[in-house]
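Worksheet for the structure shown next.
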Amino acid sequence: MSENNTLYAGFSAKIDAVLAALEAEGVLPAGCPRNNVSVEPPRDASHGDLATNAAMVLAKQAKTNPRALAELIVEKLSADPFVTSAEIAGPGFINLRLDRAVWEIELDQIAGQGADYGKSAMGAGKRVNVEYVSANPTGPMHMGHCRGAVVGDALASLLEYAGHDVVREYYVNDAGSQVDTLARSAHLRYREALGEDIGEIPAGMYPGDYLVPVGKLLADKFGDQFVGKDEAEWLALFKSEAVAAMMDQIRADLAMLGIKHDVFASEAELQAAGKPEEAEKWLRAHDLVYDGILEQPKGKVLDDWEPVELPLFRSTKFGDDQDRPIRKSDGKWTYFGADLAYHMQKAEGADELIDIWGADHAGTVKRIKAAVAALSEGQGKPIPFDVKLVQMVQLLRNGEPAKMSKRSGNFVTIADMVEEVGKDVVRFSMLTRKPDAQMDFDFAKVVETSKENPVFYVQYAHARICSTMRKAAAEGIVPTADNMDLMGDDELALIKQAAQFPREVEAAARAREPHRIAFFLYDLASAFHSYYNLGNDDPAKRIIVAQQPDLSSARLFLVQQIGQVLKNGLALLGVEAVEEL
RNA sequence: GCGCCCGUAGCUCAGUAGGAUAGAGCAUCGGAUUCCUAAUCCGGGGGCCACAGGUUCGAAUCCUGUCGGGCGCACCA
């Protein structure tokens, strides 16, 4: 379960040793960079088990041609007992075939490591803070939050699996004017709960039904003491009460998706602690904040534009279009002003920061990255910081835009969606495409239990394995690793595919792309279904062959491990590995 | 006008640090079920990887430009 233990990393090291030997012999110049050398399974399995481009990459430096260098490498690699053949192909690829013992050992690894198979020490315990969701605490979660929530959560799990020490964080924006609106809307519902006819909810207030129980709660708690009173007497109180209620709601919504954050950081508390002031002071001292006047935005006509002097952060120094205000004209912090201080707070307990944002916030990435870079470097602790954008999801029903929810007032909630199609479908759907392309989510298609819907396909593979295990147990056949030599090419091919999992985890973690795991699982499920169906044409190829208990035990052992890998991958994505469909 | 993301089969999407003949599913056509779950499998047809240049042994992948779609562009969050 460490990076150096995976099969591919192991062979990578062997090839590296061969190159080092060639360097010692003077074939390769001393200290020549080998970081472009790749060791990976070839796309076409007929080429072998492993391929390396070493000869092509290094030929120039060795002052020879790729094929000549390849021959030298092949000569040394052939000496390895686990290498059964090493061939030069095409422009200079070296294709290796590995002894079947390699795969038998790998299968044993899966059995031995169980739920830990695929975990990696790549992250080396590096502390990564992943901030995701961070929806405003003004209502239930809606579709706009869903993709970022699932992708962020899966990414956090993936990094954890790959050996990082991960904190899942939610930034609660409880300090802006939107929570004032929330408090006023709640006050309206409070009066309603006390029997007043409040009529239509006025424009500018939150109209959703979800505030009705909040109003009732406030009425029960405070009676009529805040009716007809000046806003100053109740606003702060109603704010904190309503935000708390909304956060409970949001936590419940997230729980429906199987998401749980470690830290909920409050913007109001951040401000109360004077963090933004500290940041401003430092930035001013380093001439990164100055008082200036913004230009009128281009490409947009504004009737009420007035030039105002504001404290501006020099984000243009970092490639942004214009400098950005950190305070408003009333002296309060802008979102950005508080946010940069918030990122410094996160950086205190982390080695690396990742934010997951919706694509509608793409315009603000440059300024926050600039601010974090300036502050962290300036304060002597530069911190890697990445903002991952997830693109918009369009909700459809039979190809038409989906209707809004009554519960929410004006949007489709996550609760509605999960109730209708289920957590696993929602999560897997969001994870079977790369996040940086827009996607459509069609209720009608997504509930179909078919190939249209890959989650069932993968779950079915796992369920089929469980069912086979149950049947075998009933017949008194137990999986054993004792007769691996009975396994043929079909079985070995399946092991080879499952053996990619640790490598896949590391690659996905490195690229921060959890969707790769979903596609890997789909492919593995597909390979298993094919294998399973071999038994339909030829009874001798069934997993359980009554007359041959040794063979059956070996095959059972194999599919048991395939099931284990499917289970591990599904767990990583937060999807149930069901045992029956 | 500017910034960011996307453009791969009729449709929905993959394409692993630039690698070998670009892959799946759906749809379509043809097959497999007295047999471990057919929610499955096997096979056929279907591509100027938007377009044009460039980088190099090699480009769907990197760079530049053009076209098309999405998102954003006050002190909102």
Side-chain angles (χ1 to χ4, degrees), chain A residues 35-36 38 40-44 47 51 53 56 59-60 65-66 89-93 95 134-136 138 173 176-178 294-300 302 304-306 308 310 319-322 324-330 332 334-337 339 358-366 389 391-392 394 432-434 436-440 442 445 448-454 456-457 459-461 463-464 467-472 475 500 503-504 507-508 510-511 513 515-516 518-520 522-523 526 529-537 539 542-546 552 555 559 580-581:
Chain A
N35 47 356
N36 284 332
S38 69
E40 52 192 22
R43 292 197 172 162
D44 185 343
H47 288 142
N53 62 355
M56 287 185 290
K60 225 176 220 176
N65 68 69
F93 285 104
N95 292 330
S134 299
N136 280 337
T138 54
N173 302 125
S177 57
Q178 80 283 356
L294 285 175
E295 286 176 32
Q296 188 160 175
K298 299 179 176 72
K300 219 181 180 187
L302 300 168
D304 55 348
W305 174 261
E306 281 174 32
V308 189
L310 294 166
D320 204 352
D321 301 339
Q322 57 173 289
R324 304 292 176 175
I326 60 167
R327 287 177 190 265
K328 302 185 240 181
S329 49
D330 64 4
K332 288 182 181 164
T334 61
Y335 181 85
F336 171 60
D339 203 29
D360 50 344
H361 291 80
T364 65
V365 171
K366 273 183 185 168
L389 293 176
Q391 293 294 320
M392 301 286 121
Q394 191 180 10
T432 37
R433 54 211 69 205
K434 50 179 189 256
D436 39 14
Q438 297 151 241
M439 73 175 281
D440 292 343
D442 196 318
K445 282 187 181 172
E448 282 176 28
T449 5
S450 70
K451 277 188 174 171
E452 190 80 1
N453 198 342
F456 295 116
Y457 187 79
Q459 287 181 319
Y460 182 39
R464 253 184 165 174
S467 147
T468 306
M469 299 306 294
R470 283 193 297 267
K471 183 172 165 78
E475 296 181 14
Q500 308 279 333
R503 189 175 160 274
E504 210 61 52
R510 198 173 295 125
E513 291 180 347
H515 74 276
R516 290 193 195 183
F519 283 97
F520 168 79
Y522 187 88
D523 289 342
S526 174
H529 284 309
S530 293
Y531 174 71
Y532 183 93
N533 272 275
L534 291 174
N536 283 342
D537 295 331
R542 288 196 204 152
I543 295 160
I544 302 169
V545 183
S552 301
R555 286 182 178 168
V559 299
E580 271 178 287
L581 273 187

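Proteins get letters first, then strands, A, B, ... in listed order; numbering begins at 1 in each. Keep in mind that the numbers below use all heavy atoms, side chains included, and drop hydrogens, waters and symmetry copies.
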Separation between the [atom1] atoms of [N] and [M], rounded to whole Å:
N      : M      : atom1 : result
B/rG53 : B/rC49 : P     : 13 Å
B/rG65 : B/rG44 : P     : 43 Å
B/rC71 : B/rG58 : P     : 40 Å
B/rU21 : B/rG15 : C1'   : 15 Å
B/rC36 : B/rC41 : C1'   : 14 Å
B/rU16 : B/rG7  : P     : 12 Å

Using only modelled atom types and a 3.5 angstrom limit, is any donor from either the side chain of [X] or the base of [N] paired with an acceptor on the other?
X        : N      : answer
A/Arg433 : B/rU12 : no
A/His515 : B/rA14 : no
A/Asn95  : B/rA20 : yes
A/Ser329 : B/rC75 : yes

Pairing partner of [N] (Watson-Crick or G-U wobble, both distances under 3.5 Å):
N      : result
B/rA50 : B/rU66
B/rU40 : B/rA32
B/rA9  : none
B/rU21 : none

Select base, sugar-phosphate, or nothing to describe what [X] touches, counting heavy atoms under 4.0 Å on all strands.
X        : value
A/Leu294 : sugar-phosphate
A/Val545 : nothing
A/Thr364 : base
A/Ala511 : nothing
A/Asn536 : base
A/Pro325 : sugar-phosphate
A/Phe520 : nothing
A/Ala59  : nothing
A/Ala508 : nothing
A/Gly535 : base
A/Lys366 : sugar-phosphate
A/Glu504 : nothing
A/Asn173 : sugar-phosphate
A/Gln178 : sugar-phosphate

Listed nucleotide nearest any side-chain atom of [X], set [options]:
X        : options                : value
A/Glu580 : B/rC41, B/rA77, B/rU37 : B/rU37
A/Lys328 : B/rU21, B/rC75, B/rC71 : B/rC75
A/Ser177 : B/rA20, B/rC76, B/rG15 : B/rC76
A/Met392 : B/rC36, B/rA20, B/rC71 : B/rC71
A/Asn136 : B/rG69, B/rA77, B/rC13 : B/rA77
A/Asn533 : B/rG70, B/rC41, B/rA39 : B/rC41
A/Ala51  : B/rA77, B/rA38, B/rA20 : B/rA20
A/Leu581 : B/rG19, B/rC36, B/rA39 : B/rA39

Within the stacking criterion (centroid distance below 5.5 Å, interplanar angle below 30°), does A/Phe93 stack on B/rG19?
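A/Phe93 ring does not meet the centre or angle cut-off for B/rG19; no stack.
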
- With centres under 5.5 Å and planes under 30° as the test, does A/His361 stack with B/rG72?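 Not stacked: fails the 5.5 Å / 30° test.
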
Find out whether [X] and [Y] are in side-chain contact, i.e. whether some heavy atom of one side chain is under 4.5 Å from a heavy atom of the other.
X        : Y        : result
A/Ser177 : A/Lys332 : no
A/Tyr532 : A/Thr468 : yes
A/Gln500 : A/Asp523 : no

Taking for A/Ser530 and for A/Arg470 the nucleotide of RNA chain B with the nearest heavy atom, the one nearer the 5' end belongs to A/Arg470

Assign each of A/Met439 and A/Tyr460 the nucleotide of RNA chain B bearing its closest heavy atom; nearer the 5' end lies the nucleotide of A/Met439

Rounded to the nearest 0.5 angstrom, the CG-CG distance for A/Asn173 and A/Asp339 is 7.5 Å

When rounded to whole Å, the CG to P distance for the pair A/Leu389 and B/rG70 reads 18 Å

